[in-house]
Amino acid sequence: MKASSLFFPTLREVPAEAEIISHQLLLRAGFIRKTSAGVYSYLPLAVRVLQKIENIVREEMDRAGSQELLMPIIQPKELWEKSGRWSVYGDEMFRLTDRHNRGFSLGPTHEEIITTLVDAEVHSYRDLPLLLYQIQNKYRDEIRPRFGLMRGREFIMKDLYSFDQDYEGLDLSYQKMYAAYRAIYTRMKLNFRVVEADSGAIGGNESHEYMVLADSGECTILYCESCDYAANVEKAECLMPEESVAEEELKPVSKISTPGMHTIQDLVNGLGIPEHKQVKTLMYIADDNLLAVILRGDRELNEIKLKNYLNCNNLFMADEATVREICGAGFGSLGPRGLKIPIYVDLEVTRMRNFSCGANEDGYHYINVNLGRDFTAEAIIDLRNAVEGDACPVCSAPLHALRGIEVGHIFKLGTKYSDALNACYRTANGEERPMVMGCYGIGISRTMAAAVEQNNDNDGIIWPMPIAPYHVIVIPVNAKKEEQLRAAEDIYEKLKARDIEVILDDRDERAGVKFKDADLIGIPVKITVGPKSLQENQVEVKKRWSETTELVAIDSVVDTVYAIIRGEM
RNA sequence: CGGGGUGUAGCGCAGCUUGGUAGCGCGUCUGGUUUGGGACCAGAAAGUCGCAGGUUCGAAUCCUGUCACCCCGACCA
């Protein structure tokens, strides 16, 4: 491709709307343009990257024994009513109505369609396992789209669904996908980790997420260096801590005056009570039932753990009016002593002695409160977010924390959808049984953004070779100089003949402009054809990720580039 | 939806407090000089000041409403 006819409108300045680096660079380098919040056009360079990502995904999916198909984006309401999700999915689903007033959704996911399809066409154990996938746009009316492609309302996703005879079959399909996903991100040369995840609203009992590591990631992951444990913070288990070294004697409770002190920090500052000698009390409403949660003062509640334990549909923090009605004090003065609602206590609190808490009376706290003596727990369970330094639940070594971007997620679904949509098959002895399903997603467009997030410098993007829009850019320093342009064109043609994807920057621009653009759009290899080296029949070859430029004889430049692309140099 | 912020030329911004009919840098176009890391000179085009009402002799500026976008929180590939 010649740069003079390539559509890549680059920007010198950072658009004000972009906050994170991948969003800024994809805009500046002319890869994407916004149409509305969370909805983007992909320009030619982006399309090439997306196609490369898709092709790696396709190859690995096909290798794992699955087949590609394509399902409709517009999905009839009746299917969603059958699965029960028309009412459950909520505002995140785009809904529309046709001229006959029939309801449809823009597909946020495809369990309903594929299960219906497979139910209609697959009836025998002989046809299983069946793994089907597609790559297409998905629609989710996110509460808050953000960070460019990172959280869009329209995005490109690969979604695969597995159908097996039984749970052993599902385990096998799951393992295949687990391995295929590792292969995919490894081939893209992304720095990623696989973490245990909560399976959330989709249902099912086992789930892993594939996280590209980046400081801007929206997820916190905890991992162990002594063993291979890694989990999303939502999932990471906290062990019962060791008994404290010197066990304190229980002291009598006393009520102290704490006027104007509402936060844990107020008590630290005002009375010198350290955070780990305080508990915080949170009041929640779970499907209309009030409850309280007790955590050590410096910990955060993990709502997912609470929700999973309670097995409830809706969980909200109680509002201050409700809190006041129940215990006669505001948020800052809550405490477990004397509370008349079920109290769920985090494991760690069982190791605390003589702690302080709100007295359920504005302006007062208790000190020397103890679990068991002063209040009783409805349940003692793991409720807090794990943090860096916590013991690994597998080997007890201290955990480390990192930020990650979730680019893939695999789930075991079980029979949730095959039951709801009646997708059954006949076993060898004629029994009818529901198929056992799994689903497996990759955010294709998000992966592109994540790759940029992880591979950039002050000059722009540094595409990993396997997903770069072009491998090489050839720049004649001065395209008006006949011999430079001719030499550059010659190299360009020879590279193309070797199936190397190459841009010839034949634009009548100053060298600086062309260098800046080449760096910005992140082409991995740059060949500069300049007057000095040309006299020696040489050109300059520079890798985007390296500081050094090397002089290469024109005769061998194609071989050199070929070796760089194959990762041999 | 709650909290915060922003809408003025393709991009980045000033002007708004104190109303007087729109400006700067970059980009674009023309001509010339340049040509190894976002050149220089001269000239030019380009704006319903987000939209709708209102106040006023007069509104980018004041008031009301509304829309869009961005950031923080609850969601997820």
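Naming convention: chains lettered A, B, ... in sequence-line order (proteins, then strands); numbering from 1 in each chain. Below, each value reflects all heavy atoms present in this structure, side chains not excepted, and no hydrogens, waters or symmetry copies.
- Base pairing analysis places B:rG73 opposite B:rC1; the two distances defining the Watson-Crick or G-U wobble pair are each below 3.5 Å.
- Between A:Ile444 and A:Ser533, the one whose closest nucleotide on RNA chain B sits nearer the 5' end is A:Ser533.
- When the nearest nucleotides of RNA chain B are assigned to A:Ile156 and A:Thr10 by heavy-atom distance, the more 5′-ward of the two goes with A:Thr10.
- Of the candidates A:Ile304, A:Val195, A:Thr220, A:Ile304 is the only one forming a side-chain contact (heavy atoms from CB on, under 4.5 Å) with A:Glu234.
- Heavy-atom distances under 4.0 Å link RNA chain B to no residue of residues 61-75 of chain A.
- Under a cutoff of 6.0 Å and an axis angle of 45°, A:Arg446 and A:Phe155 do not form a cation-pi pair.
- Nucleotides B:rG23 and B:rC63 are separated by 25 Å at their P atoms, to the nearest Å.
- When side chains are defined from C-beta on, A:Ser216 does not count as touching A:Ile21, because their heavy atoms never get closer than 4.5 Å.
- Phosphate proximity of B:rC71 to A:Arg144: present, with a side-chain N or O under 4.0 Å from OP1 or OP2.
- Judged by a 6.0 Å distance limit and a 45° cone about the ring axis, A:Arg95 is not positioned over the six-membered ring of A:Trp80.
- Using cut-offs of 30° and 60° on the angle between ring planes, the pair A:His208 and A:Tyr174 is tilted.
- When the C1' atom is used for both B:rA42 and B:rG36, the distance is 27 Å, rounded to whole Å.
- Only the P atoms considered, B:rA22 is 14 Å distant from B:rA46, to the nearest whole Å.
- Counting only heavy atoms from C-beta on, A:Asp517 has its side chain closest to B:rG38 among B:rG38, B:rC71, B:rA77.
- Scanning atom types as modelled, no donor and acceptor separated by under 3.5 angstrom connect the side chain of A:Asp459 and the base of B:rG37.
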Taking only N/O atoms, report every protein-nucleotides 39-46 of chain B pair under 3.5 Å with atom names and distance.
| from | atom 1 | to | atom 2 | distance (Å) |
| --- | --- | --- | --- | --- |
| B:rA39 | OP2 | A:Arg510 | NE | 3.4 |
| B:rA39 | O4' | A:Arg510 | NE | 3.4 |

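- Within residues 20-30 of chain A, the residues approached by RNA chain B to less than 4.0 Å at the level of any non-hydrogen atom are A:Arg28, in residue-number order.
- Between the side chain of A:Lys481 and the base of B:rG36, no donor-acceptor pair under 3.5 Å is found.
- If you run side-chain contact (heavy atoms from CB on, under 4.5 Å) between A:Trp463 and each of A:Asn456, A:Asn455, A:Val452, only A:Val452 comes through.
- The side chain of A:Glu234 approaches B:rC76 more closely than any other nucleotide in the set B:rC76, B:rC75, B:rG38.
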Exercise. Let me have a per-nucleotide readout for nucleotides 6-13 of chain B, 5' to 3', with B, S or -, counting only protein heavy atoms under 4.0 Å.
Key: -----BSS
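- Taking side-chain N and O atoms only, A:Arg146 has no distance below 4.0 Å to OP1 or OP2 of B:rC71.
- For B:rG36, the base has no donor-acceptor partner in the side chain of A:Asn478 [N/O atoms by modelled type, under 3.5 angstrom].
- Residues from residues 35-43 of chain A with heavy atoms under 4.0 angstrom of RNA chain B, sorted by number: A:Ser36, A:Ala37.
- Out of B:rC71, B:rC76, B:rA77, the shortest distance to the side chain of A:Cys219 is found at B:rC76.
- A distance cut-off of 5.5 Å between ring centres, combined with a plane angle under 30°, leaves A:Phe515 outside any stacking arrangement with the base of B:rG38.
- With sequence neighbours left out, A:His409 forms a ring pair (Phe, Tyr, Trp, His ring centres under 6.0 Å) with A:Phe411.
- With both ends at atom P, the span from B:rC62 to B:rU8 equals 16 Å, rounded to whole Å.
- Under the Watson-Crick and G-U wobble criteria, each requiring two contacts below 3.5 Å, nucleotide B:rG27 is left unpaired.
- Under a cutoff of 6.0 Å and an axis angle of 45°, A:Lys77 and A:Phe104 do not form a cation-pi pair.
- A cation-pi arrangement is not found for A:Arg140 relative to A:Phe94, the charged atom failing to lie both closer than 6.0 Å to the ring centre and inside a 45° cone about the ring normal.
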